[in-house]
Number of protein chains: 2
Amino acid sequence: MGTVAKALSLLNYFTADRPEIGLSELTRLSGMNKATVYRMMTELQESRFVEQTDGAKSYRLGTAVLRLSSLREAAVPLRETSKRAVRELATKTGETAHFSILDGAQLATMNYAYSSDHGTCVMMDDAMELPLHATSSGLAVLAFCDPALVDQVLTKKLDVRTPFTVVDPTRLRGMIQNTRDTGIAEYVSGFESDVHSFAAPIFNDARVAIAAIAVAAPVNRVSSENAPVFRRAVFDAAHALTHATGGFPPVGYDLKLEKALV
Amino acid sequence: MGTVAKALSLLNYFTADRPEIGLSELTRLSGMNKATVYRMMTELQESRFVEQTDGAKSYRLGTAVLRLSSLREAAVPLRETSKRAVRELATKTGETAHFSILDGAQLATMNYAYSSDHGTCVMMDDAMELPLHATSSGLAVLAFCDPALVDQVLTKKLDVRTPFTVVDPTRLRGMIQNTRDTGIAEYVSGFESDVHSFAAPIFNDARVAIAAIAVAAPVNRVSSENAPVFRRAVFDAAHALTHATGGFPPVGYDLKLEKALV
DNA sequence: TACAGTTGGTTTATTATACGAACCAACGGT
DNA sequence: ACCGTTGGTTCGTATAATAAACCAACTGTA
């Protein structure tokens with residue numbers, strides 16, 4: 001790993017829970033030399049990727065990322081388009097909906113929407129990172145992405161989030177194959193307890209999955225009666241998003257789904 | 001400039017007009033060695049700051065910037081809050097409104113809104129970069145930011161955008177002082193010909209200007225009659241935004257404005 | 001067919017630059 | 001007065017970035 005990649009990896013320690021990080025803390029987190037971290041953060045600061053909150057000397061993400069993401073959004077619109085789709089999906093299903101994009105070997109939540117139909121609903125965090133092996137969105141992407149990513153994910157040690165998180169590669173491969181067959185992923189309590197989620201993949205112009213849209217409901221609100229409604233709604237949303245962003249599903253995908261969802 | 005900053009500076013060559021760049025082109029633009037550019041882009045690709053569009057080998061901004069900007073937005077909300085304010089301002093004034101944030105020695109447009117009240121309106125580009133010396137937004141920020149930034153901007157050679165762009169440091173200092181006195185910036189045809197714009201600064205918690213919200217109208221639609229309406233609308237929007245984002249205006253700022261805008 | 005000018009990508013010795021241990025000074029608690 | 005923090009600095013050393021030159025493939029054109 002070169003200097004640039006190492007410096008950029010420092011940015012990964014910023015999360016929604018830890019939006020500001022001090023020098024010593026960052027040194028500890030990264031395991032690098034303090035002087036090295038300091039030098040890198042200084043450079044990142046010059047480039048405005050981070051900024052120092054005056055008073056406290058801790059770092060937080062800077063303004064450069066805003067400009068770059070605007071540009072990315074101008075080149076590859078996704079955030080805006082998906083936002084509408086997510087809101088519609090939440091309204092239609094009466095449950096929490098969210099959209100996440102593949103970023104390395106994880107999914108980055110881009111946006112989500114709640115419904116006020118019920119007194120309770122599944123809660124989300126801003127910019128949440130979703131593991132591929134523990135979420136329906138993850139299964140949806142794994143089922144239709146580059147096979148190399150599947151191997152990469154399954155050969156690593158997988159985090160256990162709940163007693164129901166599947167970490168056995170063989171079982172996961174089965175679930176991925178099942179998702180590939182049905183076109184829609186489901187996961188019960190894999191990431192958060194008592195949550196049943198449905199997800200479908202969004203494809204790029206090379207017919208590869210790059211993102212997923214999902215609905216998450218409390219387990220006790222999902223029945224054999226309304227599950228088909230959730231599946232249908234998720235599929236329709238994903239289908240519309242794929243087309244709205246200039247992508248194409250794999251050959252036969254839509255047809256198979258249309259038949260299965262009748 | 002260290003390696004990291006040099007590598008990150010490559011990202012600045014991506015613009016709304018040039019969303020994808022090939023290796024040779026980027027080498028030419030940056031003036032660096034081709035092998036160096038290649039290695040840096042490879043590292044940026046590893047970190048997912050850029051990605052290669054398959055088929056063509058050209059680079060475009062990657063998914064990492066999306067995740068980081070979501071995090072920044074979670075830590076320092078600005079984009080979402082300002083979007084609403086801009087839309088309201090456009091509706092209220094019947095003219096194009098936009099919000100831009102200070103990024104280095106330039107303003108990065110974060111969002112804008114058109115009004116359909118008239119057959120024509122001032123057009124904006126996504127992620128447009130606005131020079132501080134040629135726009136009302138720039139004057140608004142310069143009038144209430146760190147004085148060091150003013151010096152930095154005024155000592156550089158300033159770009160001429162139109163025959164009306166002011167590049168004389170002395171005259172600019174006068175305009176900045178004038179903005180400081182009135183609290184609201186105005187500029188006629190400094191950036192685009194035949195455009196009259198009004199802008200007011202948004203302050204952070206240290207009472208320093210970090211952004212601006214503005215209205216831009218065709219010169220012939222601005223009269224001594226409606227100009228006060230524009231000023232009032234821009235001030236109200238900026239005031240609301242400053243407070244919505246947890247900032248504070250300089251002591252006496254609001255009072256002075258309230259009096260001037262009666 | 002040959003040529004000139006592209007493109008993205010690779011190799012090489014050289015040397016500039018990033019590195020890390022150890023060191024400050026300042027602050028906070030006990 | 002002490003210990004454990006914090007952010008930041010120093011300096012000799014060795015690693016990692018550098019640039020020129022070189023590929024191979026492709027494009028237009030003559």
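Here is how names work: the chains are called A, B, and so on, in the same order as the sequence lines, proteins then strands, and each is numbered from 1. Please read all numbers here as calculations on a predicted model, not as lab measurements.
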What is the distance from [atom1] of [X] to [atom2] of [N], rounded to the nearest Å?
X     : N      : atom1 : atom2 : answer
B:M41 : C:dG8  : CE    : C1'   : 13 Å
B:L26 : C:dT6  : CG    : C1'   : 17 Å
A:L23 : C:dC27 : CG    : C1'   : 16 Å
A:K57 : D:dT5  : NZ    : C1'   : 16 Å

Short N-O contact, B:E20 and B:K57, less than 4.0 angstrom: no
Could you run through nucleotides 11-25 of chain C and give me one letter per nucleotide, 5' to 3': B if any protein heavy atom sits under 4.0 Å from the base, S if only the sugar-phosphate is that close, - if neither? B------SBBB----
I'd like to check A:L241 versus A:S82 (side-chain heavy atoms, cut-off strictly below 4.5 Å). Are they in contact? yes
What is the ring orientation for A:Y253 with A:F203, classed by angle as parallel under 30°, tilted 30 to 60°, or perpendicular over 60°? perpendicular
Side-chain N or O of [X] less than 4.0 angstrom from OP1 or OP2 on [N]?
X     : N     : value
B:Y38 : C:dG8 : no
A:Q45 : D:dG8 : no
A:R28 : D:dG7 : no

A:S70 and B:R79: side chain donor to acceptor below 3.5 Å: yes
Computed from five pairs at either end and rounded to 10 degrees, the angle between the axes of the helix from C:dT1-D:dA30 to C:dT30-D:dA1 is 40°
Which pairs, protein N/O on one side and nucleotides 28-30 of chain C N/O on the other, fall under 3.5 Å?
none

